Structures are given as C-alpha cells and as structure tokens.
Amino acid sequence: MKIGFFDSGLGGITVLSEALRRLPNENFVYMADTLHVPYGTKTPQEVLGYVKASVQTILKEDVKALVIACNTATSIAVAELRKEYPIPIIGMEPAVKPAVEMNRANGKRVLVLATPLTLKQSCYAALVSRVDDHGSVDSLPLPELVHYCEQLNFDRAEMSAYFNRELSSFNLDIYGTVVLGCTHYPFYKEILRELLPSHIQLIDGSQGTVRRLKQVLSEHNLLEPSPKSSPSQAGHITFLCSSQDEAYVRKMERALEIYTEHEKIYF
C-alpha cells in the first residue's frame, strides 16, 4: 500500500522529500491539482470542491494514509475529509507554535509568510491566538510566490529582487524567525537565507508533518517496518495530476530533484 500526498501543485514536493528521507521503506503517490493551482487566491468553497474531487482520485491508488501537503487545503478541507474517509489523514498548518517557542528567550518577533487565503482563514487566526500570548506574530501574504515556483523560477537575481521588494517595509532586525507557511515556499529557502539577517531562523511545517505521519502510521500498525526484498520496491513514487498532463508529471519529477539537491546542503 502507498502513502498519498496531495497539493494544488508542486508545493507538497517539499513535504514528500522529507517523507522519503524519514520513511525510506514506504511507497508514495503524489497528486497535484494542476487544473486549479494556485489555491491561495481561490474562494474556500472552490477549494473544498477541488480537494474532495482530487482525494477521490488518490484513494483509487491503494492508499493507506493521506497527507494534505498544503496549508490552504488543510485549513479548508481536512475536517470534512476526516469525517468522510476512514484512513488516517494528516494535515498541515503554518509552524507558528515552534517559531514562537524558539523566540521566547530572545524577545524577537515571528514573521509568517503564507498565501492570502491561508492568512484569512479563521483557523489561522485561532492558531495565532492560541500560541502567541505576547502578540509577537506578524503575517505577510505572498500570492505571487506560488506562481514563480510552479514555473520552476529559481533565478537568484529575479527572486532576490522580489523578496527584497516584499520585505522592504519590515525591520528585519526585530525578527528571530520567519515561518514558510505555504509548502511551495521552502523551494526558496536558500535564496532567503542569503537575503535575511544571519540571526533569523527559517522554519516550515514539513518535519513536524512527517513526524506526525510516522507516529500515526505506527499507531495504526501501518508503518512499513523493514526494507522491501528488493531496494527497487521501496521509495517508489507515482505522480498524478488532475490535468493528466505528462509534461507536468516530468515537472514534478524535476522539482523533486531540485529540492532534494538543495536539501542535501543542510543535512
């Protein structure tokens, strides 16, 4: 059986990469809703319908657990999905809680970068209210960043200019942590590390999500305990997209290669 991953586009690749590293004995199916990417500028009602349709497709792939590797889709759809389907469903939320905890001792602020729709959701406001007891969290929507990522645009000069423009109104000296609150955004960690002051830490939800996935699989006795008889039988990924576009499947494979190469620098 496989572990399913779902996102509107390439963003969930950043979470899949973490799962491949931490769960090397598992096989995966990854689906991107390419007909409707990006989600961050859609209405909640539209996103809910898109997610439900895509999940129906994923579940035809002999899936034992599902990761909604998209903060926007999680905030809108995960509760309903858990009511409808009996398999474990893991969602994502911006890593605000660990970011706040990291800064408790130094008094620095937290800046959350996310899509406009994620930041508008009541569950995001509730999350911040629950963990931010000192009012230290600020938010910045970056709707264009998903589009850049979907185009595999990682040009340093262009993207540096974009980030400098978007962050120009912030005094970065007062921040200790920047939260990448959309799964597309970690593709730009390397560029952001070059631009941000050295004292700022970058954090995203991938590691926490995969830790939770591994815990839930173990609790349900669904964790693949040992390597397959043949190494080729483990770590296999089936890529799907709602547009059934083979060129986009190749793009997903390329995005995973790019992100995995970037991450090797930090492990």
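Residues take their numbers from the sequence shown, with the count starting at 1. Here the structure is a predicted model, which is why all the values come from computation and not from measurement.
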[X] and [Y]: side chain donor to acceptor below 3.5 Å:
X    : Y    : result
Y248 : E150 : yes
T209 : S206 : no
S242 : D33  : yes
T14  : T183 : no

Do [X] and [Y] come within less than 4.5 Å of each other through their side chains, counting heavy atoms only?
X    : Y    : value
M31  : T57  : yes
C182 : T118 : no
R156 : I191 : yes
L111 : V179 : no
H134 : V100 : no
L196 : L202 : yes
M1   : E224 : no
I237 : V29  : no

N/O donor-acceptor pair under 3.5 Å between [X] side chain and [Y] backbone:
X    : Y    : result
H199 : Y175 : yes
E61  : K2   : no
E84  : L81  : no
S75  : Q121 : no
K42  : P38  : yes
R22  : K214 : no
Y30  : D7   : no
H184 : V146 : no
S168 : R165 : yes
K64  : L217 : no

Parallel, tilted or perpendicular: ring planes of Y188 versus F154, cut at 30 and 60 degrees: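 Geometry flag for F154 against Y188: tilted rings.
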Atom pair [atom1] ([X]) and [atom2] ([Y]), whose distance is rounded to the nearest 0.5 Å:
X    : Y    : atom1 : atom2 : result
Y148 : E158 : OH    : CD    : 5.5 Å
I68  : T74  : CD1   : OG1   : 6.0 Å
L142 : C149 : CG    : SG    : 12.5 Å
N71  : Y185 : CG    : OH    : 9.5 Å
L152 : M252 : CG    : CE    : 11.5 Å
I200 : T177 : CD1   : OG1   : 8.0 Å

Heavy-atom pair of closest approach, residues V96 and V131: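 Minimum heavy-atom separation between V96 and V131: CG1-CG2, 3.6 Å.
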Where D173 and P197 come nearest, the two heavy atoms and their spacing: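 That closest heavy-atom pairing would be OD1-CG, 4.4 Å.
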Worked check of side-chain hydrogen bond (donor to acceptor under 3.5 Å, both in side chains) between S139 and Y124: CA-CA 11 Å; S139 306; Y124 175 73; 2.7 Å; yes
Other residues, nucleotides, ligands: >12 heavy atoms within 6.0 Å of E219 CD: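 Yes, the 6.0 Å shell around CD holds more than 12 heavy atoms from other groups.
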Pairs satisfying salt bridge (charged side-chain N to carboxylate O under 4.0 Å, His left out), at least one member in residues 114-142, at least two apart: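 Salt bridge (charged side-chain N to carboxylate O under 4.0 Å, His left out) check on residues 114-142 returns R104-D133, R109-D138.
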Check against side-chain contact (heavy atoms from CB on, under 4.5 Å), C70 and Y39: CA-CA 9 Å; C70 171; Y39 280 179; 4.2 Å; yes
M102 vs I203, side-chain contact (heavy atoms from CB on, under 4.5 Å): CA-CA, chis, key distance, verdict: CA-CA 10 Å; M102 289 164 66; I203 186 172; 3.8 Å; yes
Verdict with reasoning, R193 to E190, per salt bridge (Lys or Arg N to Asp or Glu O under 4.0 Å): CA-CA 5 Å; R193 281 190 175 103; E190 192 174 346; over 6 Å; no
side-chain contact (heavy atoms from CB on, under 4.5 Å) assessment of N27 paired with I3: CA-CA 6 Å; N27 292 314; I3 300 171; over 6 Å; no
Trace of the salt bridge (Lys or Arg N to Asp or Glu O under 4.0 Å) decision for K189 with D204: CA-CA 10 Å; K189 280 192 289 189; D204 66 79; 3.7 Å; yes
Full working for side-chain contact (heavy atoms from CB on, under 4.5 Å) between L48 and E80: CA-CA 9 Å; L48 180 60; E80 289 208 28; 3.6 Å; yes
